[in-house]
Amino acid sequence: MSGVLLETVGLSRRFAVGRRAAGGKRASMLHAGDDVNLRVHAGESVGLVGESGCGKSTLVRLVSRLLDPSEGAIVFRERDIGAVPAAQFAAHPERGKIQMVFQDPTDSLNPRYSAADTIAEPMRLLRGARGDLAIAVRALADAVGLAPELLARFPHQLSGGQKARVGIARALASEPDLLILDEPTSALDVSVQAIILQLLARLRRERGLAYLFVSHDLNVVRLLCDRVVVMYLGRVVESGPAAEVFAHPRHPYTRALVSAIPGGTANLAGGRIRLSGEVRSPIDPDPAVCRFYGRCMQGAPRCGAEMPLLREPVAGHAVACHFDR
């Protein structure tokens, strides 16, 4: 495995909810991310999974420096970029090395820009206008399978798959080391999804890119990712090699997720796991209570009095659960 490209250490983000009460009492805080430790190695694809509201989007916005952390460090290529305010990161030398491919290609493209203008914009802003921009744009279009005659078209003149290719080409224009892929195919037809996923796999091989891949589709994560990080209510509850996590999920929440995959390996051990109970509130959560307490099929009084810490019962496979030894 190549060296560490991205590492978050104790990364947390909280949002104030409501107004400060009379007497100076602070407002309630929504814990969107809590003490997240994450590593992505150069050339590695890491899947980030969990149900809606678990903190995936907040985490990738922190890593891409669209949000400032409340606590913790974001180390990219051995630089603590988390110490740079988000408002100032656009001018940082590492800005071009972290790029994002967004969930909806339509919403992420400027309707006033042609495909060529969209692809060229990062080169103008981040790399400077070196050489012939038109040649560089055509080369990127060719790399993502976008026909040259489409470069003059505007977003409303392109299909969903074509817009997705434009978005990927734009992300590649600054020659990044890390691509953050936020549900990059969820807005596409199934047949187009497969083509775009094949494209992303090829680009990773050819360019040595690292991916932080956010998805609800666990089958896609299983196929495209080397490692998986599972989040629940702002905390990492399990992480490890993708093949190992899907074959032998250790956290009760991960087992429930995997059991829902059609033909998932967990189905062999008793069928689908249906969770009961209510999701705990992320607003001012009790730091001594496991976030999964109340829905967990293994829950015990200890879980309501002591937060389980993330540890490695097996080398490289970490889990936060009192019952996994």
Notebook entry, point to check: Does any N or O in the side chain of Arg280 come within less than 3.5 Å of the main-chain N or O of Tyr293, such that one atom is a donor and the other an acceptor?
Noted result: yes

Item checked: Point-to-point distance, once rounded to the nearest 0.5 Å, from OG of Ser159 to CG of Asp189 -> 9.5 Å

Check: Say you draw a straight line from CZ of Phe213 to OG of Ser45; how long is it, rounded to the nearest 0.5 Å?
Finding: 7.0 Å

Checklist line | Pairs involving residues 163-172, ordered by first then second residue, that meet salt bridge (Lys or Arg N to Asp or Glu O under 4.0 Å) (sequence neighbours left out) | finding: none

Next item on the list: Return the minimal non-hydrogen interatomic distance between Pro111 and Phe154, and the atom names on each side.
Entry: O-CD2, 3.6 Å

Checklist line | Residues forming a salt bridge (charged side-chain N to carboxylate O under 4.0 Å, His left out) with Asp286, sequence neighbours excluded | finding: none

Next item on the list: With sequence neighbours left out, write down each residue that passes salt bridge (charged side-chain N to carboxylate O under 4.0 Å, His left out) with Asp177, or none if nothing qualifies.
Entry: Arg77

Next item on the list: List in chain and number order the residues that pass side chain to side chain contact (heavy atoms under 4.5 Å, CB included) with Ser70, two or more places apart in sequence or in another chain; answer none if no residue qualifies.
Entry: Arg13, Arg14

Check: When clusters are formed from ILVMFWY side-chain contacts under 4.5 Å, directly or step by step, what else is grouped with Val75?
Finding: none

Item checked: Phe15-Val36 co-clustered via ILVMFWY side chain contacts under 4.5 Å -> yes

Would you mind writing out the side-chain donor-acceptor pairs for residues 133-152 within the sub-3.5 Å range, not counting sequence neighbours?
none

Margin query: Does any part of the side chain of Gln99, heavy atoms only, come nearer than 4.5 Å to the side chain of Ser174, both counted from C-beta?
Written below: yes

Checklist line | SG-CD distance between Cys321 and Gln298, expressed to the nearest 0.5 angstrom | finding: 5.5 Å

Checklist line | Any residue meeting salt bridge (charged side-chain N to carboxylate O under 4.0 Å, His left out) with Glu306, in chain and number order, not counting sequence neighbours | finding: Arg302

Check: Could you state the interatomic distance from CG (Leu203) to CG (Leu179), rounded to the nearest 0.5 Å?
Finding: 8.5 Å

Check: Quick one: are Leu62 and Leu11 in side-chain contact, heavy atoms under 4.5 Å?
Finding: yes

Note to self: When you compare the side chain of Phe76 with that of Lys97, does any pair of heavy atoms fall below 4.5 Å?
What the structure shows: yes

Check: Honestly curious: do Val237 and Ile261 fall in one hydrophobic cluster under the side-chain, below-4.5 Å linking rule?
Finding: yes

Notebook entry, point to check: Side chains of Glu238 and His317: is there a donor and an acceptor less than 3.5 Å apart?
Noted result: yes

Check: Within a reach of under 6.0 Å around OH of Tyr113, are more than 12 heavy atoms found that belong to other residues, nucleotides or ligands?
Finding: no

Margin query: Side chains of Gln88 and Arg65 only: does a donor on one sit below 3.5 Å from an acceptor on the other?
Written below: no

Margin query: With heavy-atom distances below 4.5 Å as the criterion, would you say the side chains of Val314 and Arg250 are in contact?
Written below: yes

Next item on the list: Mark yes or no for whether His251, through its side chain, and Ala320, through its backbone, hold a donor-acceptor pair below 3.5 Å.
Entry: yes

Notebook entry, point to check: Hey, does Asp35 have a side-chain heavy atom less than 4.5 Å from the side chain of Asn37?
Noted result: yes

Note to self: Once salt bridge (Lys or Arg N to Asp or Glu O under 4.0 Å) is applied, what residue pairs with a partner in residues 102-114 remain, sequence neighbours excluded?
What the structure shows: none

Item checked: Qualifying residues under ring-ring contact (aromatic ring centres under 6.0 Å, His included), relative to Phe102, sequence neighbours excluded -> none

Check: Restricting to pairs with a member in residues 200-209, which pass side chain to side chain donor-acceptor pair (under 3.5 Å), not counting sequence neighbours?
Finding: Arg202-Glu206, Arg204-Asp226

Next item on the list: For Glu183, check salt bridge (charged side-chain N to carboxylate O under 4.0 Å, His left out) against everything at least two apart and list the hits.
Entry: none

Check: With sequence neighbours excluded, what pairs up with Leu275 under the side chain to side chain contact (heavy atoms under 4.5 Å, CB included) test?
Finding: Tyr253, Ala256, Ile273, Phe292, Arg295, Met297

Notebook entry, point to check: From Leu200 CG over to Leu224 CG, what is the distance, rounded to the nearest 0.5 angstrom?
Noted result: 7.5 Å

Next item on the list: Quick one: pull up OG in Ser64 and CD1 in Ile98 and give me the separation to the nearest 0.5 Å.
Entry: 7.5 Å

Checklist line | Heavy-atom check, side chain of Met231 versus side chain of Leu48, under 4.5 Å | finding: yes

Next item on the list: Verify the cluster assignment for Leu59 and Val9: are they in a single hydrophobic cluster under the rule of side-chain heavy atoms below 4.5 Å apart?
Entry: no

Note to self: Could you check whether any side-chain heavy atom of Thr254 comes within less than 4.5 Å of a side-chain heavy atom of Phe246, counting everything from C-beta outward?
What the structure shows: no

Next item on the list: State, yes or no, whether a side-chain contact exists between Glu7 and Val4 at a heavy-atom distance under 4.5 Å.
Entry: yes

